[in-house]
> 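I'd like to ask some things about the structure below.
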Amino acid sequence: MTEGTLLVERVRGLAAVQDLGRRGHMHEAVPPGGALVPELLVAANRAVRNADGAAALEVFGELVVRAETDVELARDRPRRVRAGETFTVASEPMRVAYLAVRGGVAAPLVLGGRGALLAAHLGRVLRAGDRIAGAHEPTSPASAPAPLADGPVRIVPGPDLDAFAPHALDVLLAAPYAIARASDRVGTRLAGAAIPRTTNYRERSRPMVRGAVEVPADGAPIVLGPDHPTTGGYPVLAVVAERDLGRLFAIRVGGMARFLR
């Protein structure tokens with residue numbers, strides 16, 4: 001992009017363009033992608049009267065941008081930024097934050113989505129010096145954001161319960177797990193009590209879904225995220241309920257998650 005609304009001055013951590021993802025391409029080895037926490041992306045878009053699925057910037061850490069033209073931005077509330085001014089968005093106290101540009105972020109439509117295809121290597125993260133153009137899409141009527149609910153994260157048991165000791169689900173539900181530092185958009189790693197597996201289970205490859213709770217041989221659970229592999233071999237103890245995925249993925253690294261059946 002040679003002309004833009006925003007100039008990226010500094011990125012600490014990871015930042016990329018994301019929308020609500022692309023569906024229907026798992027058979028082509030392309031995961032759904034999209035915002036790690038859709039509720040927060042929708043809230044940022046609604047603050048500047050964008051459509052819920054407009055492309056925005058997803059930030060893990062800190063992003064500093066400079067306006068090259070007057071522009072309206074929002075994380076959780078709208079702010080007019082004049083040409084030459086800088087704007088900083090940081091993900092703390094949550095794990096991720098979103099920066100919406102009124103009219104959306106201009107990005108190519110690939111397989112039905114405008115977000116970076118990080119797992120498929122067809123997109124990339126933002127770097128200092130990148131210019132971000134506005135899409136100038138029509139604005140929508142103002143509406144209330146979709147809030148993140150509080151409370152435990154609900155799960156649906158299975159499908160591979162035969163791969164685990166009879167009390168494995170009780171272990172997952174008994175005490176909270178910490179969000180491990182190695183977590184990313186592919187999977188959120190949980191630190192806590194090891195999930196006991198059986199010794200005679202034979203791992204086999206099968207399709208994977210967002211929210212699946214995989215358990216490697218070391219017993220440390222991994223909740224698959226939007227850039228998850230389309231197939232995998234670790235047994236799946238449970239799947240996080242769709243409505244609670246955003247709540248789980250918003251928890252900062254080191255924060256605690258409790259699960260409920």
Side-chain angles (χ1 to χ4, degrees), residues 18-26 31-44 46 52-53 58 94-98 113 115 119 144-180 183-197 206-216 219-232 234-261:
Q18 293 296 345
D19 58 7
L20 290 179
R22 43 182 62 80
R23 304 288 180 176
H25 297 281
M26 290 274 287
L36 184 69
V37 183
E39 295 91 337
L40 296 181
L41 177 135
V42 169
R46 290 184 181 182
D52 287 354
E58 182 179 76
M94 293 185 176
R95 180 177 164 196
V96 62
Y98 294 87
L148 283 171
D150 295 324
V153 174
R154 288 161 290 188
I155 62 165
V156 178
D160 298 323
L161 295 179
D162 59 326
F164 301 94
H167 64 292
L169 269 175
D170 294 334
V171 173
L172 180 67
L173 303 177
Y177 282 76
I179 307 301
S183 300
D184 56 24
R185 286 179 49 85
V186 175
T188 293
R189 296 178 179 269
L190 305 177
I195 303 296
R197 290 178 40 171
R206 91 294 295 282
M208 285 292 144
V209 297
R210 183 172 177 257
V213 184
E214 283 191 324
V215 182
I222 304 169
V223 183
L224 297 186
D227 285 343
H228 66 81
T230 53
T231 60
Y234 295 140
V236 176
L237 176 65
V239 179
V240 175
E242 179 74 20
R243 70 180 73 177
D244 289 354
L245 275 173
R247 182 191 317 169
L248 173 65
F249 292 152
I251 299 172
R252 62 178 177 81
V253 171
M256 307 300 290
R258 181 177 285 277
F259 296 91
L260 175 69
R261 181 173 177 176

> Could you tell me whether the side chain of Leu169 reaches within less than 4.5 Å of the side chain of Leu161, counting heavy atoms only?
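Side chain of Leu161 against side chain of Leu169, heavy atoms only: contact under 4.5 Å found.
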> What distance do Ile155 atom CD1 and Arg261 atom CZ have between them, rounded to the nearest 0.5 Å?
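It comes to 7.5 Å.
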> Side-chain contact, heavy-atom cut-off 4.5 Å: Ile179 with Leu248?
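In contact.
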> Of all the heavy-atom pairs spanning Ala178 and Gly254, show the shortest one and how long it is.
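Looking at all heavy atoms of both residues, the closest pair is CB-O, 4.4 Å.
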> Would you say that more than 12 heavy atoms from the other residues, nucleotides or ligands in this model lie under 6.0 Å from the CE of Met94, or not?
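No, CE of Met94 has 12 or fewer neighbouring heavy atoms, counting only those of other groups under 6.0 Å.
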> Working to the nearest 0.5 angstrom, can you tell me the gap between Arg206 CZ and Thr230 OG1?
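Atom-to-atom, Arg206:CZ and Thr230:OG1 are 13.0 Å apart.
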> Is there a side-chain contact between Arg243 and Glu39 (heavy atoms, below 4.5 Å)?
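Result no, sub-4.5 Å side-chain heavy-atom pair not found.
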> Looking at Leu36, is its backbone amide N or carbonyl O close enough to the side chain of Glu58 to form a donor-acceptor pair, meaning the two atoms are under 3.5 Å apart?
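It does hold such a pair.
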> In the structure I gave you, are the side-chain heavy atoms of Ile251 and Met256 within less than 4.5 Å of one another anywhere?
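No, side chains not in contact.
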> Between Arg210 (side chain) and Pro32 (backbone), is there a donor-acceptor pair under 3.5 Å?
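Not at all, since once roles are kept as given, no pair shorter than 3.5 Å links the two residues.
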> Would you say the side-chain atoms of Asp244 pair up with the backbone N or O of Arg154, donor to acceptor, closer than 3.5 Å?
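Yes, because the side chain of Asp244 sits within donor-acceptor range (under 3.5 Å) of the backbone of Arg154.
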> Give a yes or no on this: more than 12 heavy atoms of other residues, nucleotides or ligands lie within 6.0 Å of atom CZ of Arg197.
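Yes, because the 6.0 Å sphere around CZ of Arg197 holds more than 12 heavy atoms from other groups.
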> Which heavy atom of Glu214 sits nearest a heavy atom of Pro216, and at what distance?
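That closest heavy-atom pairing would be O-CD, 3.8 Å.
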> Is Val171 close to Pro196 at the side-chain level, that is, under 4.5 Å between some pair of heavy atoms?
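With C-beta onward as the side chain, the pair touches.
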> Over all heavy atoms of both residues, which pair between Pro226 and Pro31 is shortest? Give the atoms and the distance, please.
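Shortest heavy-atom separation between Pro226 and Pro31 comes out as O-CB, 3.6 Å.
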> Measure the CG-OH distance between Leu224 and Tyr234 for me, rounded to the nearest 0.5 Å.
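Interatomic distance, Leu224 CG to Tyr234 OH, rounded to 0.5 Å: 11.0 Å.
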> Could you tell me which non-hydrogen atom of Ala168 sits nearest to which non-hydrogen atom of Ile195, and how far apart they are?
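It is CB-CG2, 3.9 Å.
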> When rounded to the nearest 0.5 angstrom, what distance separates CG in Leu190 from OG in Ser183?
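Here the rounded value is 7.0 Å.
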> Is the backbone N or O of Ala35 less than 3.5 Å from a side-chain atom of Arg185, with the two atoms forming a donor-acceptor pair by type?
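Side chain of Arg185 to backbone of Ala35: no pair is present.
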> When you measure from the side chain of Asp170 to the backbone of Leu173, do you find a donor-acceptor pair of N or O atoms at a distance under 3.5 Å?
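No; judged by distance alone, with no hydrogens or angles, the pair does not exist.
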> What heavy-atom pair brings Ile222 and Gly187 nearest, and what distance separates the two atoms?
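For Ile222 and Gly187, the tightest heavy-atom pair comes out as CG2-CA, 4.0 Å.
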> Side chains of Thr188 and Arg95 only: does a donor on one sit below 3.5 Å from an acceptor on the other?
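Indeed, the side chains of Thr188 and Arg95 share at least one donor-acceptor pair under 3.5 Å.
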> Look up atom CZ in Phe164 and atom CG in Leu172, then write down how far apart they are to the nearest 0.5 Å.
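Output value for this atom pair is 9.5 Å.
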> Is there a donor-acceptor pair closer than 3.5 Å between any side-chain N or O of Tyr98 and the backbone N or O of Val37?
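Looks like yes, one N/O pair under 3.5 Å.
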> Is there a side-chain contact between Val223 and Tyr177 in this structure, where contact means two heavy atoms from C-beta onward sitting under 4.5 Å apart?
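No, side chains not in contact.
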> Where the side chain of Asp160 meets the backbone of Val236, is there a donor-acceptor pair that is under 3.5 Å apart?
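Such a contact is found between Asp160 side chain and Val236 backbone.
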> Report the distance from atom CZ of Phe259 to atom CG of Leu237, rounding to the nearest 0.5 Å.
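One gets 10.0 Å once the value is rounded to the nearest 0.5 Å.
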> Without swapping roles, check the side chain of Arg247 against the backbone of Pro152 for a donor-acceptor pair under 3.5 Å.
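Yes; at least one donor-acceptor contact below 3.5 Å.
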